[in-house]
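Below: the structure, in structure tokens.
Quick note: numbers below take in every heavy atom, side chains included, and nothing from hydrogens, waters or symmetry partners.
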Amino acid sequence: MMHTMRRVAAAAALMAACSAQAQALPQLNVDKSRISVSGLSAGGFMANQLGWAHSSTFMGVGVFAGGPYTCARQSNYTSCMYNAPVSSSMQSGMQANINNWSGSSIDAKANVAAQKIFLFVGTSDYTVGPNPMDALNAQYANNGVPAGNLEYVKRSGTAHTFPTDFDSSGNNACGSTASPYISNCGYDGAKAVLTKIYGTLNARNNAPAAGNYLQFNQGAFTSNPGMASTGWVYVPANCAAGAQCRLHVALHGCAQSLTHIGDRFVRNTGYTRWADTNSIIVLFPQAKVDSTNRSTAASGSLPNPNACWDWVGWYGGNFAQKAGSQITAIKAMVDHVAGGAPGASLPPPTGVSTSGATSSSMVVSWAGVQGAAGYNVYRGGSKVNAQLVAGTSYTDTGLAAGTTYSWTVRSVDGNGAESPPSSPATGTTTGSPPPTATCHTSSNYAHTTAGRAYQSGGYAHANGSHQNMGLWNVFVTTTLKQTGPNHYVIGTCP
């Protein structure tokens, strides 16, 4: 009892200190077409809800160990967790909500088909588990998200945790569901979700500047009893200086609030390492403990002692819609951050063309724009140049042979703000296209004996990518996709 009282007192003191240090949430130069969201567990459910409610705002959604949209509005929340199978009748009820609300209580459902979606679950996750995630994957596919926009990763040996590929103080083991629910799993979850949403990333910075982390007054946006008085935002230096940047919202899971684990979700998940070098502002809203029993949508009267985001209806029956109190608050924060300096007044380049094709590269050229400080080149919507291009051509490398690509170019002003994209130019590399990827599903032991993986420290690792596949035995099963000669990654084939 004394230990519990000391922990509560310490948490209260920490919250009071943080409130005193909080500042106003900044307004920044954000590309409003490049706003996305992701989260773990309850944060994954909330990320999904935001993606549906405001599908015209969020172009990408990442869900780590969450479940389908409005699941707990139809059924007791336990039917959406604990690896419970989601029945076809439950799916039909959820789809009816989507259909009935589309264009009114939520943005038009057709927008979701254009989103970039990343889904992740561990096969040893028994808190949410693969079955609810399978249902979420099916829900996205059934609403028109094409296979190319929908990535679903099931990772062997991973429990209910946020996966990283580095060690942080206090982390639990990858196969254990325990606080702080962040683990070195030999898998970079932040990189995976941001890459799916934004394309190829520049190398990360493993030591983001402490001054780029800002604690802001969250109370300015909400009085919801389930949200803390302060939140966090990470602002890369170039974004703070006025460059046009992207915006990602990262939502913690249950028992990952400031009260529970301090700022570990903000600093130790890897989001800021990638954000720092890729012009991505990361907003970290914060939920808080609410011990009051409240009526929920389909789960009776419940408190919220673990500071979960509202995916069960603690704060009203409209919790999954645009009018939901927590969704309204987070959307208001997004709009505020994105309400800074306008984009560049420069026009996009004209005369964009391709030439000089090889089996792995293409030259992209364009006419110069007066007043431009430089240019950014995009392949299929993802920026490919690490540094601003000073001239009027760029050689894009690392391409696949015999493959057709599309490029656009944006002019950039002296403040780092980009123009709209140019008209696209297409080109096809020389040579024969790469063979279709093949997949192999078997035990980790069988993978090593077949030469697709190797054993180290009791764990199996994929040849080429060196991804940790989990324990090296005959009980853990992994699917490996061959992407090159003796190069395998954990994944599935279309």
Check step by step if side chain to side chain contact (heavy atoms under 4.5 Å, CB included) holds for W52 and Q139. CA-CA 11 Å; W52 279 100; Q139 187 178 66; 4.1 Å; yes
Just how far is it from atom CG of L28 to atom SG of C239, taken to the nearest 0.5 Å? 7.0 Å
How long is the straight-line distance from CG of L214 back to CG of N212, given to the nearest 0.5 Å? 7.5 Å
Without placing hydrogens or testing angles, list every side-chain donor-acceptor pair under 3.5 Å for residues 53-65, not counting sequence neighbours.
{"residue": "S55", "atom": "OG", "partner": "A108", "partner atom": "O", "Å": "3.2"}
{"residue": "S55", "atom": "OG", "partner": "N111", "partner atom": "ND2", "Å": "3.1"}
{"residue": "S56", "atom": "OG", "partner": "D107", "partner atom": "OD2", "Å": "2.6"}

Go through the side-chain N and O atoms of Q91 and N142 and say whether any donor and acceptor fall under 3.5 Å apart. no
Does D165 come within less than 4.0 Å of K191, counting only side-chain N to carboxylate O? no
Can you measure from CD (Q256) to CD1 (I182) and round to the nearest 0.5 angstrom? 5.5 Å
Main-chain N/O of F475 paired to N473 side chain as donor or acceptor, under 3.5 Å: yes
For a 4.5 angstrom cut-off between non-hydrogen side-chain atoms, does T222 reach T328? no
Could you list the residues that satisfy ring-ring contact (aromatic ring centres under 6.0 Å, His included) with Y152, not counting sequence neighbours? none
Give the intermediate values and the outcome of side chain to side chain contact (heavy atoms under 4.5 Å, CB included) for residues S105 and N318. CA-CA 9 Å; S105 299; N318 60 1; over 6 Å; no
Before accepting this row, confirm whether a basic side-chain N of the pair R294/D310 lies closer than 4.0 Å to the acidic partner's carboxylate O. no
To the nearest 0.5 Å, atom CG of N83 lies from atom OG of S124 at 10.5 Å
Sequence-distant partners of Y454, side-chain contact (heavy atoms from CB on, under 4.5 Å), two or more places apart: S456, H461, N463, H466
Can you check side-chain hydrogen bond (donor to acceptor under 3.5 Å, both in side chains) on Q215 and D263, steps first, answer last? CA-CA 10 Å; Q215 195 165 21; D263 59 5; over 6 Å; no
L251 and P285, any side-chain heavy atoms less than 4.5 Å apart: yes
Taking all heavy atoms of T161 and all of S183, pick out the closest pair and write down the distance. OG1-OG, 2.7 Å
Inter-residue atom distance T230.OG1 - Q286.CD, 0.5 Å rounding: 7.0 Å
Which atom of V289 lies closest to which atom of S291, heavy atoms considered: CG1-OG, 3.7 Å
For Y198, enumerate each residue passing the ring-ring contact (aromatic ring centres under 6.0 Å, His included) test, keeping only those at least two apart in sequence or located in another chain. none
Could you walk me through whether W274 and T272 pass side chain to side chain contact (heavy atoms under 4.5 Å, CB included), step by step? CA-CA 5 Å; W274 292 104; T272 59; over 6 Å; no
Distance (rounded to the nearest 0.5 Å) between R34 CZ and L247 CG: 12.5 Å
Apply ring-ring contact (aromatic ring centres under 6.0 Å, His included) to H248 and list each qualifying residue two or more places apart in sequence or on a separate chain. Y271
K322, NZ: over 12 other non-hydrogen atoms inside 6.0 angstrom: yes
Steps toward side chain to side chain contact (heavy atoms under 4.5 Å, CB included) verdict (M46, V37): CA-CA 9 Å; M46 178 56 80; V37 61; over 6 Å; no
Can you check whether A320's main-chain N or O pairs, donor with acceptor, with Y69's side chain at less than 3.5 Å? yes
Which atoms form the tightest heavy-atom contact between P26 and V233, and what is the distance? CD-CG1, 4.2 Å
Hydrogens and angles aside, do Q455 and N444 bring a side-chain donor and acceptor to less than 3.5 Å of each other? no
pair M90-P68: side-chain heavy atoms closer than 4.5 Å: no
P132 side chain reached by M81 side chain, heavy atoms, under 4.5 Å: no
State which residue, out of F265, Y213, F284, fulfils the ring-ring contact (aromatic ring centres under 6.0 Å, His included) condition with Y234. Y213
If we count only N and O atoms by modelled type, under 3.5 Å, do the side chains of H160 and S41 hold a donor and an acceptor together? yes
Check step by step if ring-ring contact (aromatic ring centres under 6.0 Å, His included) holds for W472 and Y445. CA-CA 6 Å; W472 180 58; Y445 178 81; 5.7 Å; yes
Run the side-chain contact (heavy atoms from CB on, under 4.5 Å) test against S168 and tell me which residues pass, sequence neighbours left out. F166, N171, N268
